[in-house]
Amino acid sequence: MRMRRMRRNQPLRDLVRETSLEPGDLIYPLFICPGKGIRNPISSMPGVFNLSVDEAVREAEEAAQLGIGGLLLFGLPETKDEQGTGAWEENGIVQQALRTLKQSPASKKLVLIADVCLCEYTSHGHCGAVTKSGDEFDVDNDPTLELLARTAVSQAKAGADVVAPSDMMDGRVSAIRKALDAAGLKQTPILSYASKFASAFYGPFREAADSAPQFGDRRSYQMDGANLREAMREIDLDIEEGADMILMKPAMPYLDVVRAARERVDVPIGAYQVSGEYSMLHAAFEKGWLDHDRAMLESLLGIRRAGADFIVTYFAKDAAKLLG
Ligand SMILES: [Zn+2]
């Protein structure tokens with residue numbers, strides 16, 4: 001046998017290619033901030049910005065034109081408080097963005113996904129309600145569920161096609177499903193961040209979303225990076241509670257977890273190529289150590305090959321331009 005027979009030229013290689021990567025597989029994250037005409041660069045993430053709503057509309061138009069599958073929206077509120085009120089306010093920053101985006105023709109071609117979490121909106125930067133006694137603190141699970149449910153309902157009402165809880169509280173998917181149904185939003189799907197690991201690779205995101213915890217860390221709710229079986233239990237529970245799709249995060253250091261999930265469940269699976277994955281590649285590009293286009297596409301193809309149906313990535317536009 002000579003394996004090289006099938007690698008001889010591009011048409012042959014195209015014919016036997018096992019994994020595809022298309023613009024429609026990609027979801028582009030946007031960080032929405034108050035104001036007008038604002039494009040604030042994130043220093044640790046070249047090419048990524050905090051965008052005011054009008055600028056986000058321009059990004060949406062470009063994304064739609066490139067054939068990108070959808071947008072994932074995060075918000076930077078004007079003010080923060082203990083509870084994270086800005087997450088569910090009628091006129092919250094993401095709600096404003098959703099309403100405006102929905103009026104743009106671009107939204108007909110894009111799935112608008114709203115991240116459901118409190119960490120961008122709480123003064124302490126944790127993903128839920130915090131109770132403190134002395135030096136000890138706890139992110140209080142059950143009171144948080146109601147706040148998350150309120151957030152999801154308000155985002156869906158504002159025009160989110162999909163809500164995506166990323167907080168890792170127990171029971172949030174069923175709480176959100178119940179609240180959506182009760183609000184007459186039975187058709188709004190839930191994309192749950194089912195297995196989200198406590199990762200160092202989120203570092204640059206916290207600059208982008210201004211969501212670094214002011215004390216402690218997130219290891220009491222996000223998962224230990226050592227645990228694949230625990231990730232499978234998280235996924236099973238989220239699906240049981242009514243998740244329509246699941247999202248795994250980070251991607252590259254956890255490709256085995258994506259593969260295991262693919263083999264275990266039949267719901268659509270997304271993987272999030274997180275900020276640190278993007279930033280470290282960019283650092284290598286800047287030094288001229290890696291080829292931008294090839295390394296970017298290879299990093300995305302690897303995630304698809306591991307079993308992800310779609311990929312949330314800051315490379316969405318750059319990759320779509322090459323793939324289109
Ligand atoms: Zn959070």
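Start at 1 and go down the list; that is how both ligands and their atoms are numbered. Source: prediction; values computed, not measured.
Using a cut-off of 4.0 Å between Lys/Arg side-chain N and Asp/Glu carboxylate O, R219 and D224 are scored as not salt-bridged.
If you look at F315 and Y28, their ring centroids are not closer than 6.0 Å. Remark: aromatic rings of H126 and F137 are close, center separation under 6.0 Å.
Shown are the protein N/O/S atoms under 2.8 Å from the Zn ion (ligand 1), given by residue and atom: C117 SG, C119 SG, C127 SG.
Partners of P143 according to the side-chain contact (heavy atoms from CB on, under 4.5 Å) rule, which considers only residues two or more places apart in sequence or in another chain, are D140.
N91 and Q95 share no side-chain donor-acceptor pair at under 3.5 Å.
In this structure, E241 CD and D170 CG are separated by 8.0 Å, a value rounded to the nearest 0.5 Å.
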